[in-house]
Chemist: 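I'd like to ask some things about the structure below.
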Amino acid sequence: MHEMIKNISKAEVVTLREQVTCQPGQVVSRTLAQNDAVSITLFAFDKGEEISSHRSGGDAFVTCLEGVGRITVDGQQYILHEGESIVMPAGHPHAVFGQEQFKMLLVVVF
């Protein structure tokens, strides 16, 4: 049987923001789960780095773990601070930008 959740300790308390590290000029990601129903990924954005506008086949639920991110959905901008979340609906164009260094948890439900 393959692992459902990978790349993270099991049966151990972890701090998600410590599981991914900001790198100069990069967007760093760590996939925790990926299947037909759900995708769970940690991201770390350096200030000024972005994932440009795209569409997803699932609802994308983002939670800010650290820093400040700018989320754009259908051309409307939202600022996300630590502890805040937003859902980017399936099929709608969206983008993510590191307003400051920014870490987020992305859960996409298909």
Side-chain angles (χ1 to χ4, degrees):
M1 184 171 148
H2 70 282
E3 284 188 297
M4 299 294 183
I5 293 183
K6 59 187 181 183
N7 299 326
I8 194 165
S9 299
K10 299 203 174 116
E12 178 182 322
V13 176
V14 297
T15 302
L16 288 178
R17 69 175 175 265
E18 295 173 358
Q19 304 301 307
V20 65
T21 305
C22 290
Q23 301 288 338
Q26 292 185 41
V27 176
V28 176
S29 66
R30 175 185 270 196
T31 300
L32 303 182
Q34 182 81 52
N35 60 47
D36 291 343
V38 68
S39 164
I40 304 172
T41 311
L42 292 170
F43 283 93
F45 291 74
D46 194 20
K47 182 177 180 174
E49 293 302 312
E50 68 181 322
I51 297 173
S52 59
S53 187
H54 63 283
R55 295 171 194 258
S56 170
D59 284 337
F61 179 82
V62 171
T63 299
C64 176
L65 302 173
E66 185 176 276
V68 182
R70 187 177 73 217
I71 310 295
T72 305
V73 180
D74 287 326
Q76 168 102 31
Q77 293 185 350
Y78 304 88
I79 300 299
L80 217 55
H81 299 91
E82 185 175 329
E84 296 177 335
S85 300
I86 190 169
V87 175
M88 302 179 291
H92 291 255
H94 60 268
V96 182
F97 177 81
Q99 189 99 356
E100 301 294 336
Q101 282 194 336
F102 170 60
K103 296 179 183 180
M104 70 179 207
L105 173 67
L106 172 67
V107 178
V108 183
V109 180
F110 299 101

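This chain uses plain numbering: 1 for the first residue, then up along the sequence.
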Chemist: Would you check if E82 and R17 make a side-chain contact, meaning some heavy-atom pair closer than 4.5 Å?
Modeler: yes
Chemist: Without swapping roles, check the side chain of E84 against the backbone of H81 for a donor-acceptor pair under 3.5 Å.
Modeler: yes
Chemist: Within a radius of less than 6.0 Å around CD1 of I5, do more than 12 heavy atoms belonging to other residues, nucleotides or ligands occur?
Modeler: no
Chemist: Roughly how far apart are Q99 CD and Q77 CD, rounded to 0.5 Å?
Modeler: 8.0 Å
Chemist: Which atom names give the shortest non-hydrogen contact between S52 and A95, and what distance separates them?
Modeler: C-CB, 3.9 Å
Chemist: Please answer: with hydrophobic residues joined when any side-chain heavy atoms are less than 4.5 Å apart, are V107 and V14 in the same cluster?
Modeler: yes
Chemist: Might you point out which heavy atoms bring A90 and D59 nearest each other, and give the distance in Å?
Modeler: N-OD1, 2.8 Å
Chemist: Look up atom CG in L105 and atom CG in L32, then write down how far apart they are to the nearest 0.5 Å.
Modeler: 7.0 Å
Chemist: To the nearest 0.5 Å, tell me how far L65 CG sits from E18 CD.
Modeler: 11.0 Å
Chemist: Taking ILVMFWY side chains as joined if any heavy atoms are under 4.5 angstrom apart, and letting links pass through other members, which residues group with V62?
Modeler: V27, F43, F45, I51, I71, V73, Y78, L80, I86, M88, V96, F102, M104, L106, V108, F110
Chemist: Using the rule given for side-chain contact (heavy atoms from CB on, under 4.5 Å), can you reason through R55 versus H92, listing the C-alpha separation, both sets of side-chain angles and the distance that settles it, and then say yes or no?
Modeler: CA-CA 6 Å; R55 295 171 194 258; H92 291 255; 5.7 Å; no
Chemist: Listing request: all side chain to side chain donor-acceptor pair (under 3.5 Å) pairs with a residue in residues 35-44, at least two apart in sequence or in separate chains.
Modeler: Q34-S39
Chemist: Give a yes or no answer on whether the side chain of S56 reaches the backbone of G58 with a donor-acceptor pair at less than 3.5 Å.
Modeler: yes
Chemist: For D46 and C22, indicate whether the former's side chain and the latter's backbone hold a donor-acceptor pair under 3.5 Å.
Modeler: no
Chemist: For residues 21-31, which residue pairs qualify under side chain to side chain donor-acceptor pair (under 3.5 Å), counting only residues two or more places apart or in two chains?
Modeler: Q19-R30
Chemist: Quick one, T63 and L16 - any side-chain contact, counting heavy atoms below 4.5 Å?
Modeler: no
Chemist: Any side-chain to backbone donor/acceptor pair from R70 onto F97? Under 3.5 Å, distance only.
Modeler: no
Chemist: Look only at the side chain of K103 and the backbone of C64, and say whether a donor-acceptor pair between them is shorter than 3.5 Å.
Modeler: no
Chemist: Which residue is it: I40, V109, V87? I am looking for the one with a side chain to side chain contact (heavy atoms under 4.5 Å, CB included) to F61.
Modeler: V87
